[in-house]
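Everything quoted here is computed from the prediction, not taken from an experiment. Side chains included, hydrogens not; waters and symmetry mates left out as well; all remaining heavy atoms used.
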Amino acid sequence: MAPSAAQRTVIENCAIATVDAGDTEYASGHLVLAGNRIESVGAGKAPEGLENVVRRIDATGHLATPGLVNTHHHFYQWITRGLATDHNLFNWLVALYPTWARIDEQMTYTAAQGSLAMMARGGVTTAMDHHYVYPHGSGDLSGSIIRAAAGMGVRFTLARGSMDRSEKDGGLPPDFAVETLEGALAATEETVKQHHDASFDAMTQVAVAPCSPFSVSTELMREGAELARRLGVRLHTHGSETVEEEKFCHELFGMGPTDYFESTGWLGEDVWMAHCVHMTDSDIAAFGRTKTGVAHCPSSNARLAAGIARVPDMLRAGVPVGLGVDGTASNESGELHTELRNALLINRLGAHREAALNARQALRLGTHGGAQVLGRADQIGSLEPGKLADLVLWKMDTLAHASIADPVTALVFGAAAPVTASFVDGRQIVENGRLLTVDEDAVAATTRAEAQRLARIAAQA
């Protein structure tokens, strides 16, 4: 808990969805932030006699929720949006890898700024980036991404990715865009040692994240898992995204993706995988038994025609599930708060129809579920005393939402709600829909310039 001498911010008169274990909600309540922690949350006004109150916020007309947690992204893709718009996954990768393989440190930093800015202004307080493209001589890409996240003020997990299966080995990436097995493992270990913070209120963490079964050798998968567990960090990769991937695994390994992951040490409560669209009953049971997490990316899955992930079945089996934007070359909006609505609507097109997900389950996916998947549910993902002060005030009294009585329904089913305030670690980073930590217009200009520079370089190559 925060010390009694900590400076306090008092927020009152708002609806509150705590997303705690009992889904506690208040029609009109208060939050007290002390330093970087939530000190109290409850109905009615804040307690009298609080000391060191430096700010009071009258949040009438707002809904307070935990900050959104993004569990899968590829920031560098911000500067390759709008390309290969009618492709499935494998064809899309083949079309874009030659361009991605020419990114450098400045492009990566700028793209990370764009990706982070779009998420943060829409209520994301914890972001992650699965970065796996490390062209030879491209500079300190991991450091540039971490620097961008620190400057934005968001809590951040870098999933340090890698690829060592290129075209010459039957993979999809160009030969010059992959690392060696030894080089990838050494660079990943160095990134963890330099940047991972295991403390309760860590702003930066690192995970070990070989890209996918079709761009990574079995040795890198197996030794990557061993490395992560030796260093005490989490593991992340893509899994079961398309029917083509499943066919690839059967042809190359003689088994489906989940069995392959199990054979390489990639099932466990310290693992989360992106997509998991094509999962059998036995696959889901294996994930539930081992508490392997899933980053559900509904918009990207639709954009690439990958299919509908069986999220209701996963939740019933006890699988931890969070939401992901995915890279903005397959989800050009780059926003996580729209994924609340898309997760609900797309899953209702599946076998469970209108019973698939409801508004509160969707909100839980985007908050507490994401915290579970990142291994931080004790610290973030719900509004409870002692947890970190990561929260959002959504303005619900405008034309877009005012006639919807239930604010959680309004947030999920309605149009994207304006963010009046977003706090990370007790520090406000968004006010009235605008970022306080960076100049949005400057970020827009630099991302456009870097996108144009990358396009020129790729065209010349």
Review point. Checking side-chain contact (heavy atoms from CB on, under 4.5 Å) for the pair R37/L388: CA distance, chi angles, key distance, verdict?
Key: CA-CA 4 Å; R37 305 291 181 94; L388 295 168; 3.8 Å; yes
Exercise for review: Evaluate the criterion salt bridge (charged side-chain N to carboxylate O under 4.0 Å, His left out) for residue pair E269 and R289; output intermediate values, then yes/no.
Suggested key: CA-CA 9 Å; E269 61 183 12; R289 181 181 69 253; over 6 Å; no
Exercise for review: Ignoring hydrogens and angles, tell me if any N or O in the side chain of T437 forms a donor-acceptor pair with the backbone of G153 under 3.5 Å.
Suggested key: no
Review point. Does R360 reach the main-chain N or O of A17 with its side chain, forming a donor-acceptor pair under 3.5 Å?
Key: no
Practice item. For residues D164 and E179, determine if any side-chain heavy atom of one lies less than 4.5 Å from a side-chain heavy atom of the other. Key: no
Exercise for review: Determine whether V233 and V206 make a side-chain contact, defined as any pair of heavy atoms from C-beta on separated by less than 4.5 Å.
Suggested key: no
Check your understanding: Are F75 and L116 close enough that some pair of their side-chain heavy atoms sits under 4.5 Å apart?
Key -> yes
Review point. Partners of E450 by side-chain hydrogen bond (donor to acceptor under 3.5 Å, both in side chains), sequence neighbours excluded?
Key: R453
**Study point:** Electrostatic pair E440-R434, nearest N-O below 4.0 angstrom
**Key:** yes
Practice item. Using atom types as modelled and distance alone, determine if a side-chain donor or acceptor of T110 lies under 3.5 Å from a backbone N or O of T446. Key: no
Check your understanding: M128 versus L158: any side-chain heavy-atom pair under 4.5 Å?
Key -> no
Check your understanding: Do K291 side-chain atoms and L267 backbone N/O form a donor-acceptor pair below 3.5 Å?
Key -> no
**Study point:** Atom pair CD1/NE2 of I146 and H131 - distance to nearest 0.5 Å
**Key:** 11.5 Å
Practice item. Give a yes or no on whether a salt bridge exists between D378 and K387, defined as a side-chain N under 4.0 angstrom from a carboxylate O. Key: no
**Study point:** L340 vs L323, side-chain contact (heavy atoms from CB on, under 4.5 Å): CA-CA, chis, key distance, verdict
**Key:** CA-CA 8 Å; L340 302 175; L323 292 181; 3.7 Å; yes
Check your understanding: Pick from F261, F287, W266: which one makes a side chain to side chain contact (heavy atoms under 4.5 Å, CB included) with T292?
Key -> F287
Review point. Do Q205 side-chain atoms and H196 backbone N/O form a donor-acceptor pair below 3.5 Å?
Key: no
**Study point:** Minimum heavy-atom distance D197-A202, with the two atoms named
**Key:** O-CB, 3.1 Å
**Study point:** Point-to-point distance, once rounded to the nearest 0.5 Å, from CH2 of W272 to CG of L235
**Key:** 8.5 Å
Review point. Tell me, do T126 and L374 make a side-chain contact under 4.5 Å, heavy atoms counted?
Key: yes
Study note, to complete from the structure: On a heavy-atom basis, the closest approach of T338 and A416 is CG2-CB, 4.4 Å
Practice item. Please answer whether the main-chain N or O of V419 pairs with a side-chain N or O of N432 as donor and acceptor at a distance below 3.5 Å. Key: no
Check your understanding: Considering all heavy atoms of both residues, which atom of P210 and which atom of T237 are nearest to each other, and what is their separation?
Key -> O-OG1, 2.8 Å
Point to revise | Residue pairs passing the ring pair (Phe, Tyr, Trp, His ring centres under 6.0 Å) test where at least one lies in residues 45-72, sequence neighbours excluded | key: H72-H74, H72-H130, H72-H236, H72-H238, H72-H275
Check your understanding: Going by an N to O cut-off under 4.0 Å, is there a salt bridge joining R222 and E226?
Key -> no
**Study point:** Test item: L391 and L33 side chains (from C-beta on) under 4.5 Å apart, heavy atoms
**Key:** yes
Exercise for review: Output the distance between atom CZ (R348) and atom CG (L357), rounded to the nearest 0.5 Å.
Suggested key: 8.0 Å
Check your understanding: Just by modelled atom types, is the S382 backbone N or O under 3.5 Å from a matching donor or acceptor in the H368 side chain?
Key -> no
**Study point:** E105 side-chain N/O to G139 backbone N/O, donor-acceptor pair under 3.5 Å
**Key:** no
Point to revise | Ionic contact status for K395 with D397, cut-off 4.0 Å | key: yes
Check your understanding: From E431 CD over to S422 OG, what is the distance, rounded to the nearest 0.5 angstrom?
Key -> 11.5 Å
Point to revise | Partners meeting side chain to side chain contact (heavy atoms under 4.5 Å, CB included) with R341 (sequence neighbours left out) | key: L345
Practice item. Decide whether a cation-pi geometry holds between R81 and W78; the criteria are a distance under 6.0 Å from NZ or CZ to the six-membered ring centre and an angle within 45° of the ring axis. Key: yes
Review point. What's the spacing between E25 CD and D406 CG if we round to 0.5 Å?
Key: 7.0 Å
Practice item. Evaluate the criterion side-chain contact (heavy atoms from CB on, under 4.5 Å) for residue pair T108 and I145; output intermediate values, then yes/no. Key: CA-CA 7 Å; T108 304; I145 298 164; 3.5 Å; yes
Exercise for review: Indicate yes or no: at least one non-hydrogen side-chain atom of V10 is less than 4.5 angstrom from one of I57.
Suggested key: no
Exercise for review: Answer yes or no: is there a side-chain heavy-atom contact under 4.5 Å between E339 and L68?
Suggested key: no
Exercise for review: Tell me whether the guanidinium CZ or amine NZ of R160 lies under 6.0 angstrom from the six-membered ring centre of Y132 and within 45° of its axis.
Suggested key: no
Review point. Quick one: does Q379's side chain have a donor or acceptor within less than 3.5 Å of a partner on D201's backbone?
Key: no
Practice item. Measure across A286 and T258 and return the closest heavy-atom pair with its distance rounded to 0.1 Å. Key: CB-CG2, 4.2 Å
Review point. Does the N331 side chain pair with the main chain of S299, one donor and one acceptor, at a distance under 3.5 Å?
Key: no
Review point. Stepwise, does the side-chain contact (heavy atoms from CB on, under 4.5 Å) test hold for E384 with I38?
Key: CA-CA 7 Å; E384 301 180 73; I38 299 171; over 6 Å; no
Exercise for review: Can you measure from CG (D326) to CG (L304) and round to the nearest 0.5 angstrom?
Suggested key: 7.5 Å
Exercise for review: Could you tell me which non-hydrogen atom of V133 sits nearest to which non-hydrogen atom of I103, and how far apart they are?
Suggested key: O-CD1, 3.9 Å
